[in-house]
Amino acid sequence: MELYDELRARGLIAQVTDEEEIKELINNGKATFYIGFDPTADSLHVGHFMALSFMRRLQKAGNKPIALLGGGTTMIGDPSGRTDMRNMLTRETIEYNAARFKVQMEKFIDFSEDKALMINNADWLLELNYVNLLREIGACFSVNNMLRADCYKQRMERGLSFLEFNYMIMQSYDFLHLFREYNCVMQCGGDDQWSNILGGTELIRRKEGANAYGMTIQLLLTSDGKKMGKTQAGAVWLDPEKTSPYEFFQYWRNIDDSDVINCLKKLTDLSLDEISAMESWEGQKLNEAKEILAYRLTMLVHGEEEAEKALSAARALFQKGTLSENMPQTVLDKSNIPDEGIDIISLLVESGVCTSRSDARRQIQQNAISVDDEKIEDMELRYNVKELEEGIVIKKGKKTFMRVSIE
RNA sequence: GGGAGGGUACCCAAGUGGCUAAAGGGGGCAGACUGUAAAUCUGCUGGUUGACGCCUACGGUGGUUCGAAUCCACUCCCUCCCA
C-alpha cells in the first residue's frame with residue numbers, strides 16, 4: 001500500500017488542500033514539509049508523539065521533514081481550540097522548554113545527514129519590524145476572512161486579544177519563510193491547525209505566486225469525543241521524569257474498549273493486517289489488544305527495556321497478584337524515620353500514594369489502603385526502620401501500587 | 001469615552017448579612033459488580049486534627065457590622081451595546 005493510502009487507512013488524515021497533488025508528492029518522496037511544535041511546556045505529550053510518528057512515516061518514504069520549534073510563535077500563543085487565553089510565558093521559559101523539546105524530538109526523528117531539519121522560528125520572528133511586517137504581510141490578510149476562520153470562532157464569544165489574533169499571521173509567515181529558504185512545500189499539523197495552515201498556503205500564493213500544500217492530522221479523540229492523552233493530573237508526558245514508563249503503560253492499558261483499535265492504527269507501527277486481526281476480539285480478549293497497545297507505545301517512547309519492565313510489573317501485579325521488581329517505588333531517607341517508626345499517614349503522603357494527610361485518613365476510612373496485602377484500619381499504625389528496610393508494598397484501591405523502602 | 005452585565009472550589013454553576021467549607025452537575029478518588037474496560041449503585045472530594053476546634057478560601061485592597069461570598073468605597077480583569 002502506498003504511503004498516502006496507508007495514512008488514510010489508519011485514519012490519520014483529516015483534511016488536505018489538494019489530494020491528488022499531495023498524494024503524488026509524498027508517495028514519491030518528493031516533499032519537504034514541516035510541522036510546528038510550540039514549546040508551551042517542558043515536555044512533549046501524546047499529541048506531539050502522533051505528529052512525530054506521522055513525520056517519521058513520511059520521512060521513511062523519502063520525504064524531508066522540518067521540525068519547527070515555535071520559540072517565536074509561543075511568544076504570541078495559539079488561540080486555536082482554546083476557550084481562554086494562554087498564560088503568557090516568559091522568554092526564558094520558552095527557551096528552556098524548546099531545549100527540552102529538542103532533546104526529546106531527536107529520539108524520534110533521524111536528523112543525521114540532513115535527512116531532517118530542526119529549526120526555531122524565534123530566529124526570524126523575534127526580529128521582525130512591525131511596520132515592515134504590516135506592509136509586506138499584513139496587507140495580504142483580510143480581517144473579514146480571518147474572523148470567519150474556525151479557530152477563532154470559539155473565541156469570538158469569550159474574547160480574543162489582538163496578540164492572539166496575530167498568531168495566524170505569524171504561522172503563515174513561518175510557512176512563507178520556510179518555502180523561500182528551504183523549498184518547503186507542505187505544512188502538516190493537528191486538525192485544529194487547519195485555518196493557520198491555510199493562512200500560509202494563501203500567503204505563499206499571493207507573495208510567490210506558487211502552490212503550497214497543507215495536510216492535517218486527525219486529532220486523537222476518545223470515542224465520545226474527548227481529547228486523549230489527558231488525565232486528571234494533566235497530560236500524559238513523554239518525559240519519563242514527568243510520567244514514568246509504568247504510568248505511561250498503564251494509561252494505555254486502561255483505555256476504553258472502543259478506543260483500542262483506533263489507537264493501534266494511529267499510534268503504533270503495527271501493520272494494518274495485524275491490527276485488523278484484532279478488530280474481532282471481544283471481552284476479555286480485548287485486554288490482550290490493550291496490552292499490545294500499551295507495550296508498543298511504551299517501547300516506541302521509552303525503549304524496549306522500559307516496556308518490558310512495565311509489562312512484567314503490570315502482569316505481576318494485576319494478573320498474578322504477586323509483587324514485581326519493576327513496580328513503582330519510593331525510597332525514603334532513613335534519617336527521616338523517627339525511632340518510634342513512621343506513622344501510616346505520613347508514609348502514605350511521603351510515598352506519594354495520597355495527596356495530603358486528610359486524603360490519607362479518608363482513604364483508610366474508606367478501606368482503600370493495604371500494606372503487604374493487609375487491610376489497614378488503624379491510623380496509628382507505625383513502621384520502624386527494620387520493617388522498612390525489607391521494603392513494604394502499599395496498595396491504594398485496585399490500581400495504585402507502591403513499593404516503599406529506605407536507604 | 002458613555003451605558004449594561006459579569007468574575008464563586010479542578011470545570012460549569014447556585015447562593016444577596018449568621019443555619020455556608022459554600023446547593024446542584026461534571027470530573028476525580030474509594031467501595032460493590034467486573035475484564036486493570038464500560039454501564040450501574042454507594043460513599044468521599046480545602047488544610048490540619050483521634051475528635052472538639054483552628055486555619056485558609058467566593059478577582060484585589062480597604063471599610064461597615066457582634067458576624068460578610070453576600071452591604072459600602074476604591075481597584076484590577078472579562079463580555080455586550082453605543083462612540
Side-chain angles (χ1 to χ4, degrees), chain A residues 79 81-88 152-165 222-236 244 246-264 278-279 281-295 297-298 310-324 326-328 343-346 348-371 375-382 394-402:
Chain A
R82 293 206 135 230
T83 51
D84 299 305
M85 185 165 157
R86 290 171 183 276
N87 290 332
M88 283 229 239
Y152 294 134
K153 270 203 185 121
Q154 253 186 313
R155 298 295 298 278
M156 293 313 289
E157 293 154 26
R158 305 199 56 160
L160 176 70
S161 68
F162 185 66
L163 173 77
E164 299 169 280
F165 184 57
T222 60
S223 51
D224 47 350
K226 298 197 186 99
K227 268 191 191 171
M228 288 202 76
K230 296 238 188 265
T231 67
Q232 182 60 13
V236 175
S244 73
Y246 176 79
E247 289 171 305
F248 185 87
F249 180 96
Q250 283 297 311
Y251 177 82
W252 300 105
R253 178 61 186 77
N254 280 310
I255 62 167
D256 200 289
D257 285 6
S258 52
D259 295 322
V260 183
I261 296 298
N262 187 266
C263 287
L264 284 166
M278 296 183 214
E279 285 191 63
W281 294 3
E282 283 177 355
Q284 178 71 266
K285 183 88 172 155
L286 248 184
N287 278 333
E288 288 175 38
K290 290 186 192 181
E291 199 175 77
I292 291 169
L293 173 70
Y295 181 85
L297 288 180
T298 310
L311 176 67
S312 66
R315 277 191 179 166
L317 293 170
F318 289 101
Q319 288 171 20
K320 300 192 195 100
T322 58
L323 303 179
S324 160
N326 299 318
M327 66 192 291
D343 61 283
I344 181 70
I345 305 282
S346 303
L348 287 167
V349 176
E350 302 266 323
S351 62
V353 172
C354 294
T355 55
S356 66
R357 300 179 66 81
S358 302
D359 179 43
R361 278 196 198 90
R362 262 179 241 126
Q363 298 293 353
I364 292 173
Q365 273 161 11
Q366 293 186 102
N367 218 14
I369 304 294
S370 54
V371 173
K375 278 281 180 219
I376 300 297
E377 285 168 7
D378 179 10
M379 294 200 215
E380 301 291 320
L381 209 60
R382 286 178 177 277
I394 301 176
K395 187 177 173 193
K396 184 188 82 168
K398 275 169 288 197
K399 295 188 193 172
T400 310
F401 295 86
M402 185 66 74

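So that the names make sense, note that chain A is the first sequence line, chain B the second, and so on, each numbered from 1.
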Pairing nucleotide - rC52(B), Watson-Crick or G-U, each distance under 3.5 Å: none
Please determine, for rA69(B), whether a Watson-Crick or G-U wobble partner exists with both distances under 3.5 Å, and give it or none. none
Separation of rC78(B) P from Glu164(A) CD (nearest whole Å): 11 Å
Are a donor atom and an acceptor atom from the side chains of Thr222(A) and Asp259(A) found within less than 3.5 Å of each other? no
Backbone N or O of Asn367(A) within a donor-acceptor pair of the Lys375(A) side chain at under 3.5 Å? yes
Is the base of rC52(B) syn or anti, where syn means the angle lies within 90° of 0? syn
Scanning all shown strands, the Watson-Crick or wobble mate of rA32(B) with both distances under 3.5 Å is rU40(B)
Centroid-to-centroid, Tyr246(A) to Tyr251(A), below 6.0 Å? no
Which whole number of Å gives the distance between the P atom of rA38(B) and that of rG27(B)? 12 Å
With both distances under 3.5 Å as the test, what is the Watson-Crick or G-U wobble partner of rC80(B)? rG3(B)
Less than 4.5 Å apart, side chain to side chain, heavy atoms only: is that true for Phe401(A) and Lys396(A)? no
Pairwise C1' distance for rC11(B) and rC81(B), with rounding to whole Å: 29 Å
Would you say the side chain of Leu293(A) lies within less than 4.5 Å of the side chain of Ile255(A), judging by non-hydrogen atoms? yes
Output one letter per nucleotide in nucleotides 45-60 of chain B: B when a protein non-hydrogen atom lies under 4.0 Å from the base, S when only the sugar-phosphate is that close, - when neither is. S-SBBS----------
Paired with rU16(B) by Watson-Crick or G-U wobble geometry, both distances under 3.5 Å: which nucleotide is it? none
Looking only at atom P, what distance separates rU79(B) and rG26(B), rounded to whole Å? 30 Å
If the P atom of rC71(B) is compared with that of rA14(B), how far apart are they to the nearest Å? 16 Å
Using the C1' atoms only, state how far rC58(B) lies from rG50(B), rounded to an integer number of Å. 31 Å
Under 3.5 Å for both donor-acceptor distances, Watson-Crick or wobble: does rC74(B) have a partner, and if so which one? rG60(B)
Mind checking whether Lys230(A) and Val236(A) have side chains closer than 4.5 Å, heavy atoms only? no
Protein-to-nucleotide contact annotation, 5' to 3' order, nucleotides 31-40 of chain B [B base; S sugar-phosphate only; - none; under 4.0 Å, heavy atom]: S-BBBBBS--
For rG28(B) and rG2(B), measure between their C1' atoms and round to the nearest Å. 46 Å
Are Cys354(A) and Arg362(A) close enough that some pair of their side-chain heavy atoms sits under 4.5 Å apart? no
Return each pair, listed once, that meets salt bridge (Lys or Arg N to Asp or Glu O under 4.0 Å) where at least one residue sits in residues 284-294 of chain A; pairs must be two or more places apart or across chains. Asp257(A)-Lys290(A), Lys285(A)-Glu288(A), Glu291(A)-Arg315(A)
Once you round it to whole Å, what is the distance between P of rG26(B) and NZ of Lys230(A)? 22 Å
Rounding to the closest angstrom, what is the interatomic distance between rG46(B) and rA22(B) at atom P? 9 Å
Could you check if a side-chain atom of Met327(A) sits within less than 4.5 angstrom of a side-chain atom of Leu317(A), using non-hydrogen atoms only? yes
Sort out the partner of rA23(B) for me: Watson-Crick or G-U wobble, both distances under 3.5 Å, none otherwise. none
Looking at the rings of Phe165(A) and Tyr152(A), which for Trp means the six-membered one, are their centres under 6.0 Å apart? yes
Separation between the P atoms of rC19(B) and rG6(B), rounded to whole Å: 24 Å
